[in-house]
Amino acid sequence: MIEARHLRVLRAVATTGSFSAAARELGCTQPAVSQQMKALESSAGTPLLIRTGREMRLTQAGEALVRHASGILAGLTAAEEEVAAIAGLRAGRVRLVSFPSGSSTLVPGALAALRAEHPGTRVSLVEAEPPRSVDLLRDGDCDIALAFRYGTTGGEWDDLVVRPLLTDRLIGLVPDGHRLAGAESVSIGELADESWIAGCPRCRRQLVEVCEASGFTPRIDFATDDYPAVMGLVGAGLGVAVLPELAVESVRPKGARTVAVEPAIEREIVALTLPDLARVPAVAATLDQLSLAAAR
């Protein structure tokens, strides 16, 4: 294998015309230059220099290697500078995937702070709910996935670095004129006879489990994963719902009231990445800013 340091020596020898002059230019000894040239010729499998007395000239193979050396060394220098910039957070890219209510609450402040501190770091954002967002991370299509889970499932994320951010409590939504609109908190059982607005089957699973534990199955008349649509339907008096607190923060309820629901329904909000990615400076800095945003 041809090494970059050997190419630098060959180029110096070709430029100066001798081992001793090359050694002076490179700041090393003449025997060191001779040794590295022997190593390069061994790697190349052919002579690169012809030595005749004090004169030294390149073979055809040597000329070819010198011709390519400039481009190779220039590319290597550019690569070293780019890597140094990324390591020093003067450059870099982070691909972030987030669920919608995280995108509207946690992400903006975190990315604004990251840009102010490290303006050379670029972050892209796409939206996806778990488990799709986690699949994107494992498939190498993103660097950080903002995700959530209800309770803990053993082994679910054991292969990932998990950065806990906050616990998000689900809160009830009832129309302004609802009999429970003025209550500070309500038991989920008090909503047993209501028309419900809920999300997709996967998203509503936790709600259904809590309701069934309270002795009833919710009658879900409207199904939508769009939080503003949920609030609009509740505000129009068409039913009740429970939404994550982050979702309510991101959309101002119109014609609807929020009430605490008992028993508490909570989800854990986390940022996920792969172990190797966690050591990348730009990824680590983004994780730190997400943690700070969640603590505000």
Side-chain angles (χ1 to χ4, degrees), residues 97-110 127-133 146-152 164-270 290 293-296:
V97 174
S98 174
F99 55 92
S101 58
S103 298
S104 59
T105 54
L106 298 175
V107 171
E127 287 190 342
E129 298 267 3
R132 175 58 181 154
S133 57
L146 205 61
F148 60 84
R149 62 182 171 185
Y150 293 94
T152 56
L165 298 179
L166 57 87
T167 299
D168 188 25
R169 180 167 178 164
L170 273 64
I171 56 178
L173 280 174
V174 298
D176 276 345
H178 194 274
R179 59 188 170 82
L180 298 173
E184 290 187 7
S185 66
V186 300
S187 165
I188 198 80
E190 295 180 77
L191 301 172
D193 296 328
E194 301 287 342
S195 173
W196 281 84
I197 301 153
C200 67
R202 187 188 64 80
C203 296
R204 74 176 68 147
R205 183 180 60 194
Q206 188 71 16
L207 166 67
V208 172
E209 289 177 355
V210 171
C211 290
E212 289 179 344
S214 297
F216 73 99
T217 299
R219 188 181 80 249
I220 298 171
D221 292 335
F222 302 94
T224 175
D225 289 324
D226 184 77
Y227 294 147
V230 172
M231 293 184 184
L233 290 166
V234 173
L238 296 173
V240 300
V242 293
L243 286 180
E245 195 167 5
L246 282 181
V248 177
E249 286 179 18
S250 65
V251 181
R252 186 186 298 256
K254 186 177 181 180
R257 297 284 186 92
T258 60
V259 292
V261 174
E262 300 294 343
I265 309 172
E266 296 178 337
R267 63 178 186 172
E268 181 188 13
I269 309 297
V270 302
L290 286 168
R296 295 188 185 106

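Quick note: residue numbers are just sequence positions, from 1.
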Please report the interatomic distance [atom1]([X]) to [atom2]([Y]), rounded to the nearest 0.5 Å.
X: E184; Y: E262; atom1: CD; atom2: CD; result: 11.5 Å
X: R257; Y: L173; atom1: CZ; atom2: CG; result: 12.0 Å
X: R219; Y: T217; atom1: CZ; atom2: OG1; result: 12.0 Å
X: I269; Y: S101; atom1: CD1; atom2: OG; result: 6.5 Å

Please lay out, stage by stage, how Q206 and R267 fare under the test side-chain contact (heavy atoms from CB on, under 4.5 Å). CA-CA 10 Å; Q206 188 71 16; R267 63 178 186 172; over 6 Å; no

Does some side-chain heavy atom of [Y] sit less than 4.5 Å from a side-chain heavy atom of [X]?
X: I188; Y: P263; answer: yes
X: M231; Y: L243; answer: yes
X: L166; Y: L106; answer: yes
X: L180; Y: V259; answer: no
X: V208; Y: P218; answer: yes
X: F216; Y: D193; answer: no
X: V242; Y: W196; answer: yes
X: I197; Y: V240; answer: no

Shortest non-hydrogen contact from [X] to [Y]?
X: S133; Y: A147; answer: OG-CB, 4.3 Å
X: V261; Y: G172; answer: CG2-N, 3.4 Å
X: H178; Y: E194; answer: NE2-OE2, 2.9 Å
X: G102; Y: P108; answer: O-CD, 4.4 Å
X: A229; Y: T224; answer: CB-OG1, 3.9 Å

Check: [Y] main-chain N/O paired with [X] side-chain donor or acceptor under 3.5 Å:
X: D168; Y: P244; answer: no
X: S98; Y: S103; answer: yes
X: R132; Y: E127; answer: no

Going by atom types alone, do E249 and T105 pair a side-chain donor with an acceptor below 3.5 Å? no

Using ring pair (Phe, Tyr, Trp, His ring centres under 6.0 Å) as the criterion, list what pairs up with Y227, not counting sequence neighbours. none

Could you walk me through whether V270 and F148 pass side-chain contact (heavy atoms from CB on, under 4.5 Å), step by step? CA-CA 6 Å; V270 302; F148 60 84; over 6 Å; no

So does E268 pair up with R149, basic N to acidic O under 4.0 Å? yes

Show, in sequence, the C-alpha distance, side-chain angles and deciding distance for L165 and L146, and conclude whether the side-chain contact (heavy atoms from CB on, under 4.5 Å) test is met. CA-CA 9 Å; L165 298 179; L146 205 61; 3.3 Å; yes

Please test E212 against R204 for salt bridge (charged side-chain N to carboxylate O under 4.0 Å, His left out), starting from the C-alpha separation and ending with a verdict. CA-CA 12 Å; E212 289 179 344; R204 74 176 68 147; over 6 Å; no

For side-chain contact (heavy atoms from CB on, under 4.5 Å), just list the numbers for Y150 and V210, CA-CA rounded to whole Å, side-chain angles, deciding distance to a tenth of an Å, and then say yes or no. CA-CA 12 Å; Y150 293 94; V210 171; over 6 Å; no

